[in-house]
Structures are given as structure tokens and as C-alpha cells.
Amino acid sequence: MTALVDEHPHLGVEPVLRELNIPSTTYYRWRQAETEPCERHRRDAELTSRIRQVHDESGGIYGSPRVHAVLKREGTRVGRKRVERLMRQAGLAGISPRRSMRFPQDAGMGDRGSDGSYERSPDDACAEEVPAGVA
């Protein structure tokens, strides 16, 4: 809305607002919001910088639950979902502590050949070698 009035200053603010059925107080409130953010946006900016600091101090490991816990421990009253939203908007994410699947080196598979496939060791038993009447 403010862009329309800015692009066509010769039309005047009041006639454009009257034609669009927009109260002039709404227009001037929009104008003020562009130059002076509301309290919530200012607080979000402060929290985002503190969240960024906590995240960096952890080496980029902490996610929103731990960042929220640190802020709570420091006495900052903030909701968990707000921390999640601010971290998402700032592009911050923690590292998941998932375990990788590790297989033992010598699990009876033998050694890998030059082509990457496993060679069978003589001790390996397979279904083909089991006598017919045993199973």
C-alpha cells in the first residue's frame, strides 16, 4: 500500500486512501512500522543475537531444546517454540547425536578383495553346505 502512494505522489495520500476504503490512521501506522519496529520485533532481534551466541559457543552442536535450556538457566523468559522459530529463521540447527552403524572388522566375512567384494574364509558355513536332513 505504501509503495503505491510512494510511486504516485501526485495523487495525494488522502484521495488514494479514500478510494481504497483504507483509514488514514492505518496508513500512517504502516508508515511508522516501516521506520520503527514494534516491541516484539525488537525483542526477537535481541533474542536472535543471544541465540546465535549460545549456538556458536556450543560449536554449532546445540539445537533448540538445549539453547532454550541455557536461556532459561540464565534467567531469560522465552518460550521453547519461540526459540525454535527464531533459530529456523536464522538458519541455525543443532547436530543430531545419532549413532552410526559400525560393523566389526572381522565378523567372519573374510578380507575384502581388490574389487571390494568379500572373499569367503574356509570357516564360513552357508546354507548350501548344511546336510539335507539336518534342517
Side-chain angles (χ1 to χ4, degrees):
M1 173 66 230
T2 58
L4 174 70
V5 175
D6 291 342
E7 289 176 17
H8 305 286
H10 62 280
L11 297 175
V13 175
E14 296 299 326
V16 171
L17 295 175
R18 201 173 319 115
E19 194 64 32
L20 296 173
N21 292 327
I22 297 174
S24 59
T25 54
T26 302
Y27 170 77
Y28 291 112
R29 194 174 338 115
W30 286 341
R31 278 290 193 198
Q32 182 183 8
E34 288 176 352
T35 59
E36 187 179 312
C38 66
E39 179 64 29
R40 180 174 183 238
H41 290 295
R42 282 195 298 269
R43 183 74 176 127
D44 280 354
E46 292 170 8
L47 276 172
T48 301
S49 66
R50 182 62 188 128
I51 287 170
R52 215 179 271 284
Q53 184 181 5
V54 169
H55 185 72
D56 291 342
E57 287 172 359
S58 73
I61 294 174
Y62 284 5
S64 60
R66 285 186 177 172
V67 170
H68 178 255
V70 169
L71 293 174
K72 188 176 178 182
R73 200 174 320 123
E74 292 173 351
T76 305
R77 290 184 52 117
V78 62
R80 178 184 54 87
K81 292 193 176 194
R82 189 175 190 183
V83 172
E84 290 174 6
R85 176 179 55 84
L86 293 175
M87 286 185 71
R88 191 172 40 252
Q89 288 173 349
L92 301 174
I95 296 176
S96 179
R98 299 210 171 124
R99 296 181 186 174
S100 61
M101 296 290 290
R102 293 205 174 133
F103 296 103
Q105 283 293 334
D106 187 25
M109 293 293 291
D111 296 326
R112 281 189 178 220
S114 59
D115 63 343
S117 63
Y118 285 102
E119 295 175 341
R120 301 198 63 153
S121 67
D123 298 332
D124 289 345
C126 71
E128 298 164 1
E129 297 173 349
V130 177
V134 175

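All values reported here derive from a predicted model rather than from experimental measurement.
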Which pair of non-hydrogen atoms, one from Ser64 and one from Glu84, has the smallest distance, and what is that distance? OG-CG, 3.4 Å
Apply side chain to side chain donor-acceptor pair (under 3.5 Å) to Gln32 and list each qualifying residue two or more places apart in sequence or on a separate chain. none
If I take atom CG from residue Leu20 and atom OH from residue Tyr27, how far apart are they, to the nearest 0.5 angstrom? 12.0 Å
List in chain and number order the residues that pass side-chain contact (heavy atoms from CB on, under 4.5 Å) with Arg42, two or more places apart in sequence or in another chain; answer none if no residue qualifies. Glu36, Pro37, Glu39
Any side-chain heavy-atom pair of Gln89 and Thr48 under 4.5 Å: no
Can you sort out the partners of Arg66 under salt bridge (Lys or Arg N to Asp or Glu O under 4.0 Å), two or more places apart, ordered by chain and number? none
Those residues that, when tested against Arg43, pass side-chain contact (heavy atoms from CB on, under 4.5 Å) (two or more places apart): Glu46, Leu47, Thr76, Arg82
Taking only residues two or more places apart in sequence or in another chain, which ones pass side-chain contact (heavy atoms from CB on, under 4.5 Å) with Ser24? Glu14, Leu17, Tyr28
Residue set satisfying salt bridge (Lys or Arg N to Asp or Glu O under 4.0 Å) with Arg52, at least two apart, ordered chain then number -> none
Do any pairs count as a salt bridge (Lys or Arg N to Asp or Glu O under 4.0 Å) and have a residue in residues 85-95, sequence neighbours left out, and if so which ones? Asp44-Arg85
Nearest-0.5 Å distance that lies between atom NE2 in His68 and atom CG in Leu86: 11.5 Å
Of all heavy-atom pairs linking Cys38 and His41, the shortest is SG-CD2, 3.0 Å
Could you work out, with salt bridge (Lys or Arg N to Asp or Glu O under 4.0 Å) as the rule, every residue matching Arg18, not counting sequence neighbours? none
With sequence neighbours excluded, what pairs up with Glu57 under the salt bridge (Lys or Arg N to Asp or Glu O under 4.0 Å) test? none
